[in-house]
Structures are given as C-alpha cells and as structure tokens.
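Have a look at the structure below, then the notes.
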Protein chains: 2
Amino acid sequence: MRQDTRLSRLLHVLLHMAQTDAPMTSQQIADMLGSNAVVVRRIMAGLRDGGYVEAERGHGGGWRITRGTEEITVLDVYRSLGSPDLFAFGFSNPRPSCLVEQSVNETIAESIDTATSAILEKFSTLRLSQIEAEVRERMQKT
Amino acid sequence: MRQDTRLSRLLHVLLHMAQTDAPMTSQQIADMLGSNAVVVRRIMAGLRDGGYVEAERGHGGGWRITRGTEEITVLDVYRSLGSPDLFAFGFSNPRPSCLVEQSVNETIAESIDTATSAILEKFSTLRLSQIEAEVRERMQKT
DNA sequence: ACATCATGTAATGCCTAAAGTTACACGACC
DNA sequence: GGTCGTGTAACTTTAGGCATTACATGATGT
C-alpha cells in the first residue's frame with residue numbers, strides 16, 4: 001500500500017494558512033499540494049470539526065486558521081484525521097486460540113504500543129510554531 | 001492499506017517448527033495460519049535464503065528450522081522479508097521546492113526515523129527463545 | 001432576483017501492495 | 001512412474017488513500 005500522506009499535507013496547509021489573513025480556497029490549496037479541491041475538503045473536514053479552521057462559502061470565501069500556531073500540536077492534527085493507523089504491520093488474528101500465536105501477537109503488540117506511545121508523545125510536544133520557526137531558519141540559509 | 005501481517009505469521013510458524021523435528025509442509029503451515037500454501041512458500045523464501053530454514057521436496061519433505069530459537073531475532077525475520085516499511089504514513093513529495101513543505105517533511109522524517117531506530121533496536125534484542133518462554137508461561141496458566 | 005463562487009458530500013474509478021488462487025515445472029521418495 | 005512436496009509465474013481479490021465527477025447548499029456581488 002501506498003503511504004498515508006494526509007498528516008504531512010495538513011501540516012503543510014496549516015502553515016501556509018497561518019502566513020496570511022486572507023482565506024484560501026480549496027482549489028488554491030489543491031494547486032499547492034498538487035492535488036484536488038475535493039480531496040482537500042475531505043482532509044480538512046476533521047480540522048473544521050475540531051475548530052482549528054473555519055470554512056466560509058461564496059465570494060471571498062475559503063479556509064482560515066482560527067488558532068495561533070503555538071496552540072496547535074501535530075497530535076491535534078493527527079487526531080483530526082481520525083487517528084489512523086501509524087504502523088504498516090500488525091497481526092492477522094486478533095483473538096487466536098493458538099497459544100503460540102497469542103504470544104507472538106502480544107510481542108508484536110508490545111512493540112507497536114511502545115512505539116505508538118513514543119510517537120504520540122512526540123506529536124503532542126510538536127507545535128506548528130516550531131515548524132514555523134524552522135521554516136524561518138531555512139529561509140535565512142537561502 | 002491493509003496491514004502487513006507477514007512478520008507475525010513468520011514468527012508464529014518458526015516457533016511451531018522449533019517444537020518438532022519433523023518437517024512441516026507448506027499446506028500444514030497454511031492450515032495453521034488460515035492461509036494458502038503458495039503464500040506460505042512466498043513468505044518463507046526469505047528465511048530460506050537467509051539460512052534460517054531449509055525446505056526439502058518430495059515424500060516426507062517440508063520445512064525445517066535450522067537454527068536454535070536463541071539464535072534468531074525478530075530483526076532477522078523482519079530483514080528476511082526485505083525490511084518492508086514499518087510506517088503507514090509519510091510525505092508525498094520527497095524533494096519539495098516549497099520551504100514550508102521541506103520543514104514539514106523533515107519534522108515527519110525525524111519522528112519516523114527515531115521510531116524506526118527504536119523498533120529495530122527492540123527487534124534486534126527480541127529472540128525467538130523469549131517468545132517461546134512466554135508460551136510456556138501461558139501454558140502453565142491454563 | 002439571479003448568476004457566480006465557494007464549500008459539503010455522495011458516488012465512482014484508479015493505484016498499490018499484501019494476500020489468495022490457479023497452473024505448471026522440478027525434484028525426491030515410494 | 002505415480003505421488004508428494006517445493007519453486008514460481010500469472011492472475012484475481014481486497015482495502016485504503018487518492019483523484020474525479022456530479023450535484024446540492026449557501027454566501028456574495030451585480
């Protein structure tokens with residue numbers, strides 16, 4: 001399977017929205033991402049429901065970020081996507097009768113749980129403002 | 001995408017093979033996994049090439065483990081699958097011109113790299129014998 | 001009013017990789 | 001030589017992200 005790129009796309013979009021007061025249309029965002037306006041609306045829906053962005057219709061409408069970049073963590077964005085699976089691997093049978101398979105499952109589950117906790121912990125400390133700061137550094141190097 | 005269950009399946013199979021001297025046929029393994037003999041041969045190919053198992057043809061043939069369970073780590077098994085992607089998420093554009101996207105990519109990549117190192121490190125310390133020991137504990141509880 | 005612009009959403013098809021299936025070649029043992 | 005097993009290639013199925021089309025809804029401008 002291909003990889004899920006929604007998280008990085010949302011972060012990308014949010015940071016651009018934070019750089020301007022004017023609302024951005026789904027089409028503008030789609031052009032930015034090399035994607036499609038409908039896809040944009042789909043992945044933005046969770047952010048809207050979470051109150052991180054607002055969408056206005058009609059002339060001059062579009063998407064606007066409603067919080068400061070220091071108020072939004074990567075975890076917030078991840079959750080607004082519905083907390084999709086982080087890992088590409090797992091076990092097939094969730095409740096096996098075979099004892100061996102049970103142990104294997106537990107071993108795998110432990111590794112996944114530990115890694116998941118670590119990543120989500122990291123996501124919870126990562127704020128959009130930090131990525132913003134890194135962008136500024138990157139601009140100075142140019 | 002659905003999840004990749006090959007790693008847990010291989011571990012399951014290897015532990016069963018370690019419990020008997022008689023070779024196991026692909027069909028027997030497939031029945032055990034609720035899968036297909038051809039699929040079994042496919043996922044076992046890497047283990048065979050890595051020298052962890054041997055396959056014999058004809059009457060009385062089948063698969064046999066060629067190493068002790070304390071000599072095989074989960075990392076060995078993972079590698080014999082060709083080290084498939086561990087994570088279900090990533091970024092779409094590997095070399096974006098947009099500075100914001102570059103920073104987002106780096107942020108995501110850092111998280112993935114850190115977590116990957118941690119998991120592979122964990123895999124390298126996990127030996128089949130340890131899972132075996134846990135199976136024995138599980139049997140006593142029954 | 002009404003045309004235009006924008007979001008909201010359903011429905012459909014595309015793409016990719018694991019998994020399942022079919023078919024057949026090769027080799028070993030009875 | 002028949003049977004049992006692995007080794008592979010080729011095709012189908014499946015699931016989810018992604019792209020596209022179509023249409024409804026609402027807000028703005030003339």
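Residue numbers begin at 1 in each chain, while the letters A, B, ... track the order of the sequences. The structure displayed is predicted, hence computed values, not measured ones.
Between the base of D/dT25 and the side chain of A/R57 there is a donor-acceptor pair shorter than 3.5 Å. Remark: the A/R9 side chain and the D/dG17 base include no donor-acceptor N/O pair separated by less than 3.5 Å. The base of D/dA19 lies close enough to the side chain of A/R42 for a donor and an acceptor atom to sit less than 3.5 Å apart. With hydrogens and angles left out, the side chain of A/R6 and the base of D/dC18 share no donor-acceptor pair within 3.5 Å.
In this structure, CZ of A/F89 is placed 19 Å from P of C/dA17, rounded to the nearest angstrom. A straight line from NE2 of A/H59 to P of D/dT30 spans 8 Å, rounded to a whole angstrom. What separates CG of B/D85 from P of C/dT16 is a distance of 15 Å, to the nearest Å. Between the C1' atom of C/dT7 and the CZ atom of A/R48 lies a distance of 8 Å, rounded to the nearest Å. If you take CZ of B/R41 and C1' of C/dG27, they are 13 Å apart, rounded to a whole angstrom. Rounded to whole angstrom, the span from the CG atom of A/N36 across to the C1' atom of C/dT7 amounts to 14 Å. Atom CE of B/M44 is separated from atom P of D/dT6 by 9 Å (rounded to the nearest Å). Protein atom CD1 of A/I43 is 15 Å distant from nucleotide atom C1' of C/dT7, rounded to whole Å.
OP1 or OP2 of C/dA19 lies within a sub-4.0 Å distance of a side-chain N or O belonging to B/T5. In this model, the phosphate group of D/dA19 is approached by a side-chain N or O of A/S35 to a distance below 4.0 Å at OP1 or OP2. Within the 4.0 Å cut-off from OP1 or OP2 of D/dG5, not a single side-chain nitrogen or oxygen of B/T25 is found.
By the 4.5 Å heavy-atom criterion applied to side chains, B/S103 and A/L15 are not counted as neighbours. Looking at heavy atoms from C-beta onward, B/L126 lies in side-chain contact with A/S111 at the 4.5 angstrom threshold. No side-chain heavy atom of B/V13 sits less than 4.5 Å from a side-chain heavy atom of B/V40. A heavy-atom distance below 4.5 Å is not found between the side chains of B/L10 and B/L7.
Closest approach to the B/A55 side chain among C/dA18, D/dA9, D/dG7 is made by D/dG7 (side chain taken as heavy atoms from C-beta onward).
Within 4.0 Å (heavy atoms only), B/G62 reaches sugar-phosphate atoms of the nucleic acid but no base atom. Contacts of A/Q27 with the nucleic acid, taken as non-hydrogen atoms under 4.0 Å apart, are absent.
For B/D21, the CG atom sits in a loose shell: 12 or fewer heavy atoms of surrounding residues, nucleotides or ligands are nearer than 6.0 Å.
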